[in-house]
A.B. asks: 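Here it is, the structure in full.
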Amino acid sequence: MDKITDLAASALNALYGVDMNNPAIQLQKTKREFEGNLTLVVFPFLKDSRKTPEATAAEVGEYLVKNSSLVSSFNVVKGFLNLSVAETSWIEQLNAIARDEKFGFNEVTEDSPLVMIEYSSPNTNKPLHLGHVRNNLLGYSLSQILKAAGNRVVKTNIVNDRGIHICKSMLAWMKWGDGVTPEKAGKKGDHLIGDFYVLFDKKFKEEVALLEKLGKTKEEAEAASSLMNEAREMLRRWEAGDEDVHSVWRMMNSWVYAGFDETYKRLGVDFDKIYYESETYLEGKEKVLEGVDKGVMYRRPDGSVWADLTGDGLDEKLLLRADGTSVYMTQDIGTAKLRFCDYRIDKMIYVVGNEQNYHFQVLSILLDKLGFSWGRGLVHFSYGMVELPEGKMKSREGTVVDADDLMAEMISAARETSAELGKLDGCSSEEAEAISTMIGLGALKYFILKVDPRKNMTFNPKESIDFNGNTGPFIQYTHARICSVLRKAAESGIYIPLQAQEDTEISDKEVIMIQRLGEFRNVLKEAAATYSPALIANYVYDLVKEFNQFYHDFSILHEADEKKRALRLLLSANVAKVISNGMGLLGIAVPERM
RNA sequence: GGCCCCGUAGUUUAGUGAAUAGAACGUCAGAUUCCGGUUCUGAAGGUCAUGGGUUUGAAUCCCGUCGGGGUCACCA
């Protein structure tokens, strides 16, 4: 296809003197209802040809047929030049795909660009919820895609392990926890800590209500709350390095991390390097003071430090409080500094929700001003909220969907559906469990990754687990079916070739399948360039649908013509391979039987 | 109010300059079952929120309007 694009360029150049690098020279797939495989739109070149669209297209078509054996024939519809590609080149293309186990994937070398991608970024005072699930899936998939496109990738996680919210959980545990541990409670550590966070909030509200009854306003009551003051005092002691506070803090955080690790493992995501805010939050200060010296930032009379971004069309932004302590932005600058010391980053991607668009706009400008080479080009991979059919999740109303619960529910829903359909008959209980897990998580992941990340989305568990339509299970099922066909063939002693014969006759349907397979390389490239897992998901689904139509028209196992049967088996095997490669980029497992 | 994002069949959505806007779920009518209640074909359903503009060509780019969300903290 790239070759033919070059041919078209040289044709246009030879005939009309069009610049070879003119971006309008693009071939697209011919629409199904027209004859041909590739289409060139000639409208943009009429200025140069000084002829009608039809005449121009015909002239280019004739030139291509005459000068290249790749183009066998052409037809013209208005300004659209539809080219047919020679039969032998389709077989060649299929054989090239068959030879290449990781078809479409680029090699990563020492010299490949280094991309760091930050995702997940949990707080240590509560377990992960549905919003984190979208974040984690997008971050992980993106890192897989970028790696496949030929980048060195460092997956990183910044854990927010300090601050008033952790102190609230700690205080509640010390006051009412009675020495409970995750083991004693039989509960994951992150859930246990989350419960104490909720308990704090409850007790705090009770106290405020009591004070309000005694005649205080809401604001006065909140300020006078002894609980909240104790929490603040604990934060002060933590910052002062108080060993009693730190030992409780370390212990409780270790419980949370054990819980997170379990969740991450189940979700199938991981990290190469984890940063902790407790270790980075002081780092930004130095960099900011450096900025003051350089004149990038300035100090106000009260001692606070600000950056004036009105020149960039934004506001002024606080970076250090009058008492010299850091704010969120300062910490991000500090983390950036540490990261750049650890890795020679070419590009930095932050996977963070769209409520922080403004923050990252500012961060990009500040990092640039402070001299980070990747600051201006940093990518805020911004995604929308996840809602449920019942409506928005609100932590105050307890309608937050917990990540662990959600995964468990998806898996048991998959188990039920599979059992109903009789798919688990004859499986051992371990097999049944493994399959249910693959399907349940595949449904969840696919449903979330197939939609445009920028958009808010509604996650519908019931719809996602469907075995039909644009769902993970449907794609997994198709893969399993192809594997099953290949197994059957092998059992019957039918030879599955590694290459198709050059002289095998090839039908339109087969051409379409090969063309579709061949697109994977470009889709991957584009997905990496636009940071779009959804592109991969929709490609794989289209491939699956196309395959089902193809498969339906033939009796693969009972084909009399040996060469033809070989071609179809080879084609099927490669469809399975590309499905598996594509789904792998989304972090979704494809079972060989289900 | 300023700034940012979104608005496409009943629903979930694809398509960011090209041919008659493409699917899926649901609905209706058929076919197939060769490997499994999972397959296929067809129908109905869209003034792409809306009004202008640019272009040979606009869901897509520009301007306005309406609707939804976010953000504008010495929170993270």
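Naming: A, B, ... by sequence-line order, numbering from 1 per chain.
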A.B. asks: A/I166 CD1 to B/C75 P: how many Å, rounded?
C.D. replies: 16 Å

A.B. asks: Between A/Y350 and A/F360, is the gap from one ring center to the other below 6.0 Å?
C.D. replies: yes

A.B. asks: When the P atoms of B/C63 and B/G68 are compared, how many Å lie between them, rounded to an integer?
C.D. replies: 22 Å

A.B. asks: Can you tell me the distance, in whole Å, between the CE atom of A/M385 and the C1' atom of B/G69?
C.D. replies: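 That distance rounds to 9 Å.
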
A.B. asks: Taking pairing as Watson-Crick or G-U wobble with both contacts under 3.5 Å, can you name the mate of B/C3, or confirm there isn't one?
C.D. replies: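 B/C3 is paired with B/G70.
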
A.B. asks: Could you check whether A/N82 gets within reach of a base, just the sugar-phosphate, or nothing at all, counting any heavy atom under 4.0 Å?
C.D. replies: base

A.B. asks: Between B/A21 and B/U50, how far apart are the P atoms? Round to whole Å, please.
C.D. replies: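 Looking at atom P only, B/U50 and B/A21 are 15 Å apart.
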
A.B. asks: Look at all strands and tell whether A/T39 reaches a base, only sugar-phosphate, or nothing, counting heavy atoms closer than 4.0 Å.
C.D. replies: base

A.B. asks: Give a yes/no answer on whether the side chain of A/R321 brings an N or O atom under 4.0 Å of OP1 or OP2 in B/C75.
C.D. replies: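 Yes, A/R321 has a side-chain N/O under 4.0 Å of OP1/OP2 on B/C75.
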
A.B. asks: How many Å lie between CD1 on A/I475 and P on B/A24, as a whole number?
C.D. replies: 13 Å

A.B. asks: At under 4.0 Å between heavy atoms, what does A/P473 touch on the DNA or RNA strands: base, sugar-phosphate, or nothing?
C.D. replies: nothing

A.B. asks: Once you apply a heavy-atom cut-off of 4.0 Å, does A/D542 come out as touching a base, just sugar-phosphate, or nothing?
C.D. replies: nothing

A.B. asks: Just the rounded figure in Å: distance from P of B/C74 to CE of A/M297.
C.D. replies: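 Between P of B/C74 and CE of A/M297: 16 Å.
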
A.B. asks: Tell me which nucleotide among B/C25, B/C40, B/G36 gets nearest to the side chain of A/Q549.
C.D. replies: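 Nearest to the side chain of A/Q549 among the choices is B/C40.
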
A.B. asks: Across all strands shown, which nucleotide pairs with B/G42 by Watson-Crick or G-U wobble geometry, both distances under 3.5 Å?
C.D. replies: B/C28

A.B. asks: So what does A/D323 touch, heavy atoms closer than 4.0 Å: a base, only the sugar-phosphate, or nothing?
C.D. replies: nothing

A.B. asks: So does A/K168 get a side-chain nitrogen or oxygen closer than 4.0 Å to the phosphate oxygens (OP1/OP2) of B/C75?
C.D. replies: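 Answer is no, no contact under 4.0 Å.
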
A.B. asks: Please report the distance, rounded to the nearest Å, between CG in A/L40 and P in B/A18.
C.D. replies: 14 Å

A.B. asks: Of the options B/A19, B/C35, B/C74, whose atoms approach the side-chain atoms of A/V485 most closely?
C.D. replies: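 The answer is B/C35.
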
A.B. asks: Contact class for A/V41 vs. all strands (heavy atom < 4.0 Å): base, sugar-phosphate, or nothing?
C.D. replies: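 Since a base atom lies under 4.0 Å of A/V41, the category is base.
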
A.B. asks: Between the base of B/A18 and the ring of A/F43 - centre-to-centre under 5.5 Å, planes within under 30° - is that a stack?
C.D. replies: yes

A.B. asks: Rounded to whole angstrom, note down the P distance from B/G45 over to B/A18.
C.D. replies: 27 Å

A.B. asks: Answer yes or no for A/R162 and A/Y281: cation-pi contact, defined as NZ/CZ to six-membered ring centre under 6.0 Å and angle to ring axis within 45°.
C.D. replies: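 Cation-pi check for A/R162 and A/Y281: passes.
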
A.B. asks: Pick base, sugar-phosphate or nothing for A/D302, based on heavy-atom distances below 4.0 Å to the nucleic acid.
C.D. replies: base

A.B. asks: How about A/Y257 and A/Y276: are their ring centroids closer than 6.0 Å?
C.D. replies: yes

A.B. asks: If you look at every strand shown and take non-hydrogen atoms under 4.0 Å, does A/E33 touch a base, only sugar-phosphate, or nothing?
C.D. replies: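 A/E33: no heavy atom of the nucleic acid under 4.0 Å.
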
A.B. asks: 5'-most contact on RNA chain B: A/G469 or A/Q331, nearest heavy atom basis?
C.D. replies: A/G469

A.B. asks: Would you measure the distance from the P atom in B/G15 across to the matching atom in B/C61 and give it in whole Å?
C.D. replies: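 Rounded to whole Å, the distance is 13 Å.
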
A.B. asks: Need the pair for B/C34. Rule: Watson-Crick or G-U wobble, both distances under 3.5 Å, any strand; none if unpaired.
C.D. replies: none

A.B. asks: At under 4.0 Å between heavy atoms, what does A/L535 touch on the DNA or RNA strands: base, sugar-phosphate, or nothing?
C.D. replies: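 Sugar-phosphate contact only.
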
A.B. asks: Would you say A/K31 reaches B/A19's phosphate, i.e. side-chain N/O to OP1/OP2 under 4.0 Å?
C.D. replies: yes

A.B. asks: Under the criteria of a ring-centre distance below 5.5 Å and an interplanar angle below 30°, is A/Y541 stacked with the base of B/A23?
C.D. replies: no

A.B. asks: From B/A18, B/G36, B/U13, pick the nucleotide closest to the side chain of A/M457?
C.D. replies: B/U13

A.B. asks: Look at the side chain of A/S304 against the base of B/C74 and say whether a donor-acceptor pair falls under 3.5 Å; ignore hydrogens and angles.
C.D. replies: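 No.
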
A.B. asks: I want to check one thing: is the phosphate of B/C5, taken as OP1 and OP2, less than 4.0 Å away from some side-chain N or O of A/R454?
C.D. replies: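 No, because none of the side-chain N or O atoms of A/R454 sits under 4.0 Å from OP1 or OP2 of B/C5.
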
A.B. asks: The side chain of A/F474 is closest to which nucleotide in this list: B/A24, B/C74, B/U39?
C.D. replies: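 My answer, after comparing the listed nucleotides, is B/U39.
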
A.B. asks: Measure up the A/F547 and A/F550 rings against each other and bin them: parallel (under 30°), tilted (30 to 60°), perpendicular (over 60°).
C.D. replies: tilted

A.B. asks: Rounded to the nearest Å, what distance is computed from the CG atom of residue A/N548 to the C1' atom of nucleotide B/U33?
C.D. replies: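 Rounded to the whole Å, the gap is 14 Å.
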
A.B. asks: Hey, which sits more toward the 5' end of RNA chain B by its nearest nucleotide, A/N357 or A/L486?
C.D. replies: A/N357

A.B. asks: Which value, in whole Å, describes the distance between the C1' atoms of nucleotides B/A44 and B/A9?
C.D. replies: 11 Å

A.B. asks: With a 4.0 Å cut-off, would you call A/R568 and A/E510 a salt bridge?
C.D. replies: yes

A.B. asks: When the distance from CD of A/E546 to P of B/G22 is rounded to whole Å, what number comes out?
C.D. replies: 15 Å

A.B. asks: Kindly say whether the aromatic ring centers of A/Y328 and A/H359 come within a distance under 6.0 Å.
C.D. replies: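 Yes, the ring centres sit under 6.0 Å apart.
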
A.B. asks: Would you say a side-chain N or O of A/Q361 is under 4.0 Å from OP1 or OP2 of B/U71?
C.D. replies: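 Negative; the distance criterion is not met.
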
A.B. asks: Would you check if A/F80 stacks with the base of B/A19, given a 5.5 Å centroid limit and a 30° plane limit, both strict?
C.D. replies: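 Stack criterion met.
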
A.B. asks: Before giving the answer on side-chain hydrogen bond (donor to acceptor under 3.5 Å, both in side chains), spell out for A/Y541 and A/E546 the whole-Å C-alpha distance, their side-chain angles and the decisive distance to 0.1 Å.
C.D. replies: CA-CA 9 Å; A/Y541 177 63; A/E546 203 93 67; over 6 Å; no

A.B. asks: With no hydrogens and no angle check, just 3.5 Å: does a side-chain donor-acceptor pair link A/N82 and A/T39?
C.D. replies: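 There is such a pair between these side chains.
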
A.B. asks: Sticking with atom P, work out how far B/U65 lies from B/C28, rounded to a whole angstrom.
C.D. replies: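 One P to the other, the span is 46 Å.
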
A.B. asks: Checking side chain to side chain donor-acceptor pair (under 3.5 Å) between A/Y16 and each of A/R50, A/K51, A/E59, A/K47, which is the one that passes?
C.D. replies: A/E59

A.B. asks: Let's see if you can work this out: which of B/G36, B/A76, B/C25 has an atom nearest to the side-chain heavy atoms of A/N123?
C.D. replies: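 Minimum distance to the A/N123 side chain belongs to B/A76.
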
A.B. asks: Using the C1' atom as the reference point in each nucleotide, state the distance between B/U39 and B/U32 in Å, no decimals.
C.D. replies: 7 Å

A.B. asks: Grab the CZ-P distance between A/F45 and B/A18 for me, whole Å please.
C.D. replies: 14 Å

A.B. asks: Verify the contact: side-chain N or O of A/K455 to OP1 or OP2 of B/G7, cut-off strictly under 4.0 Å; return yes or no.
C.D. replies: yes

A.B. asks: Examine A/R299 relative to A/W306 and say whether NZ or CZ is less than 6.0 Å from the centre of the six-membered ring and inside a 45° cone about the ring axis.
C.D. replies: no

A.B. asks: A/F34 near the nucleic acid: base, sugar-phosphate alone, or nothing, with a heavy-atom cut-off under 4.0 Å?
C.D. replies: base

A.B. asks: Using the C1' atom as the point on both nucleotides, what is the distance between B/U54 and B/U11, in whole Å?
C.D. replies: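 Straight-line distance between the two C1' atoms is 35 Å.
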
A.B. asks: Looking at the side chain of A/D466, which of B/C74, B/C35, B/C25 is the nearest nucleotide?
C.D. replies: B/C25

